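On a predicted model such as this, the values are computed, not experimentally measured, just so you know.
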Amino acid sequence: MNLTGNTIFITGGGSGIGRGLAEALHKLGNQVIISGRRKGHLEATTNANPGMKSVELNVEDPASIALVSKRLIADFPKLNVLINNAGVMQPDDAASLIDDALLTSTITTNLLGPIRLTSALIEHLKKQKKAAVIYNTSVLGYVPLALTAVYSSTKAALHAYTLSQRYKLRGTSVNVLELVPPWVQTDLMNSSENPRAMPLREFIDETIKVLGTDTEEILVERAKPMRNNVGPNEGAFVTQFNDLMQQPQ
């Protein structure tokens, strides 16, 4: 992907990976627009990065997606990159009763939101000379974390959707990319200071380097062992991973 001269819309851009990507791409000479539900986070990010724009968006709400999509196309006609980054992650118990509100919110935010937003913008993106749709999935889409079974499932589903959309858009100007983060130090699951998670700055720096290549999967080195866990014997690796995650730090 060309790393400069783009007009980029990033959901969940007020914190964590979204903010890190927004700031890195902004510094490279792109027009970056971020979105989120927390106005304070959006203002803090744009104030720290003059020229960056923001818009409030609730990815759980189809009406909000429709309204913001129309506004983006009108205000930023050169929009050519969509980064579906917004997501929620909460613990659940697949061996017990799962809270329906948690279930609905996680699936709506992590899966329906990216699909709906991309659908709303896809015809505009197809008109651009070079365009990209980037989905932020997770290594947990390949090796599920039993503690967050619903979250892991949404990321697996989003990976499958990415493959299908990439196939359908072959031969067009739109590249469909998948960003597959490992465990990163962010606010998700209170991981911002966990020593076992990858430092955010390190993750962003390595991700930008990979993004600048022609790869369809954006993988940092730490993500590769779990991404490569495929095949009929994957269950043993999943068990080993989850046993490890239950050990005290």
Side-chain angles (χ1 to χ4, degrees), residues 8-27 32 34-49 52 54 56-60 82-92 102 105-111 113-114 134-156 158-159 177-211 217-227 241 244-245 249:
I8 305 171
F9 181 53
I10 305 177
T11 64
S15 62
I17 289 175
R19 177 168 180 169
L21 289 173
E23 291 182 330
L25 292 167
H26 174 72
K27 291 176 182 176
V32 175
I34 60 173
S35 74
R37 286 184 285 187
R38 296 176 293 184
K39 187 176 181 179
H41 284 66
L42 296 178
E43 290 179 345
T45 303
T46 54
N47 288 340
N49 298 274
M52 188 183 294
S54 69
E56 291 183 60
L57 170 66
N58 179 1
V59 295
E60 289 191 67
L82 166 62
I83 301 181
N84 286 296
N85 169 77
V88 293
M89 182 181 189
Q90 299 183 62
D92 58 66
L102 180 152
S105 176
T106 303
I107 293 176
T108 304
T109 301
N110 295 358
L111 181 60
I134 303 174
Y135 293 96
N136 185 351
T137 62
S138 170
V139 293
L140 300 183
Y142 302 92
V143 183
L145 177 62
L147 177 65
T148 58
V150 176
Y151 173 87
S152 300
S153 298
T154 62
K155 295 303 184 177
L158 196 58
H159 164 66
L177 310 178
E178 181 179 0
L179 171 60
V180 189
W183 190 6
V184 179
Q185 290 178 347
T186 69
D187 290 339
L188 288 181
M189 301 291 285
N190 298 314
S191 298
S192 58
E193 297 183 5
N194 195 304
R196 293 188 291 176
M198 185 176 187
L200 178 60
R201 183 73 267 159
E202 180 183 335
F203 170 76
I204 295 296
D205 290 345
E206 189 175 347
T207 293
I208 292 297
K209 290 179 182 178
V210 179
L211 185 60
E217 289 189 357
I218 305 158
L219 292 160
V220 299
E221 288 300 317
R222 286 202 194 191
K224 291 180 179 179
M226 294 180 71
R227 170 61 182 97
F241 167 69
L244 177 65
M245 292 302 292
Q249 298 181 23

J.: So, Lys209 and Asp205, do they make that salt bridge, N to O below 4.0 Å?
T.: no
J.: I'd like to know if the side chain of Asn110 reaches the main chain of Thr154, judged simply by a donor and an acceptor atom lying under 3.5 Å from each other, with no hydrogens or angles considered.
T.: no
J.: On a heavy-atom basis, which atom in Gly12 and which in Ala86 lie closest, and how many Å separate them?
T.: N-CB, 3.8 Å
J.: Assess the residue pair Ile8 and Leu82 against the criterion (side chain to side chain contact (heavy atoms under 4.5 Å, CB included)); give the C-alpha distance rounded to whole Å, side-chain angles, the decisive distance to 0.1 Å, and a yes or no.
T.: CA-CA 6 Å; Ile8 305 171; Leu82 166 62; over 6 Å; no
J.: Partners of Glu206 by side-chain hydrogen bond (donor to acceptor under 3.5 Å, both in side chains), sequence neighbours excluded?
T.: none
J.: Applying side-chain hydrogen bond (donor to acceptor under 3.5 Å, both in side chains), can you list everything that pairs with Ser15, at least two apart in sequence or on another chain?
T.: Arg38
J.: Side-chain contact test, heavy atoms from C-beta onward, threshold under 4.5 Å: evaluate it for Ile10 versus Asn84 and give yes or no.
T.: no
J.: Can you sort out the partners of His26 under ring-ring contact (aromatic ring centres under 6.0 Å, His included), two or more places apart, ordered by chain and number?
T.: none
J.: From Ser152 OG over to Leu147 CG, what is the distance, rounded to the nearest 0.5 angstrom?
T.: 8.5 Å
J.: Using atom types as modelled and distance alone, determine if a side-chain donor or acceptor of Glu56 lies under 3.5 Å from a backbone N or O of Ser35.
T.: no
J.: Using atom types as modelled and distance alone, determine if a side-chain donor or acceptor of Lys155 lies under 3.5 Å from a backbone N or O of Asn136.
T.: yes
J.: Quick check on side chain to side chain contact (heavy atoms under 4.5 Å, CB included): which of Val220, Ile83, Leu21 does Leu179 satisfy it with?
T.: Leu21
J.: Once side-chain hydrogen bond (donor to acceptor under 3.5 Å, both in side chains) is applied, do any residues pair with Glu217, and if so which ones, sequence neighbours excluded?
T.: Arg227
J.: In Å and rounded to the nearest 0.5 Å, what is the CG to CG distance from Asp92 to Leu145?
T.: 9.0 Å
J.: Mind checking whether Asn194 and Trp183 have side chains closer than 4.5 Å, heavy atoms only?
T.: yes
J.: Decide yes or no for Met189 and Thr148: does some side-chain heavy atom of the first lie under 4.5 Å from some side-chain heavy atom of the second?
T.: yes
J.: Has the side chain of Ser105 got a donor or acceptor atom that lies under 3.5 Å from a matching backbone atom of Leu102?
T.: no
J.: Does the pair Ile208 and Leu25 meet the rule for a side chain to side chain contact (heavy atoms under 4.5 Å, CB included), with working shown?
T.: CA-CA 8 Å; Ile208 292 297; Leu25 292 167; 4.0 Å; yes
J.: Is Ser138 close to Val180 at the side-chain level, that is, under 4.5 Å between some pair of heavy atoms?
T.: no
J.: For Glu23, check side-chain hydrogen bond (donor to acceptor under 3.5 Å, both in side chains) against everything at least two apart and list the hits.
T.: Arg19, Asn49
J.: Give the minimum heavy-atom separation between Asp187 and Ser192, together with the two atoms involved.
T.: OD1-CB, 4.1 Å
J.: Find the distance between CG (Leu57) and CZ (Phe9) and round it off to the nearest 0.5 Å.
T.: 5.0 Å
J.: Check whether any side-chain heavy atom of Ile218 sits under 4.5 Å from a side-chain heavy atom of Leu177, and report yes or no.
T.: yes
J.: Nearest 0.5 Å, what's the CE-CG distance between Met52 and Leu42?
T.: 10.5 Å
J.: Does the side chain of Glu178 come under 3.5 Å of the side chain of Thr137 through a donor N or O and an acceptor N or O?
T.: yes
J.: Testing the basics here: between Arg222 and Pro199, what is the closest heavy-atom pair and its distance to 0.1 Å?
T.: NH2-CD, 4.0 Å
J.: Mind listing the closest non-hydrogen atom pair of Tyr151 and Val88 along with its distance?
T.: CD1-O, 3.1 Å
J.: First locate atom OG1 of Thr106, then atom CE of Met89, and finally report the distance between them rounded to the nearest 0.5 Å.
T.: 10.0 Å
J.: What pair of heavy atoms forms the shortest contact from Thr186 to Gly16, and how long is it?
T.: CG2-CA, 4.2 Å
J.: Hey, do the aromatic rings of Tyr135 and His159 have their centres closer than 6.0 Å?
T.: no
J.: Going from CG on Leu211 to CD1 on Ile134, what distance comes out if it is rounded to the nearest 0.5 angstrom?
T.: 5.0 Å
J.: Once side-chain contact (heavy atoms from CB on, under 4.5 Å) is applied, do any residues pair with Thr108, and if so which ones, sequence neighbours excluded?
T.: Glu60, Thr104, Leu112, Arg116
J.: Which pair of non-hydrogen atoms, one from Pro182 and one from Met198, has the smallest distance, and what is that distance?
T.: CG-SD, 4.0 Å
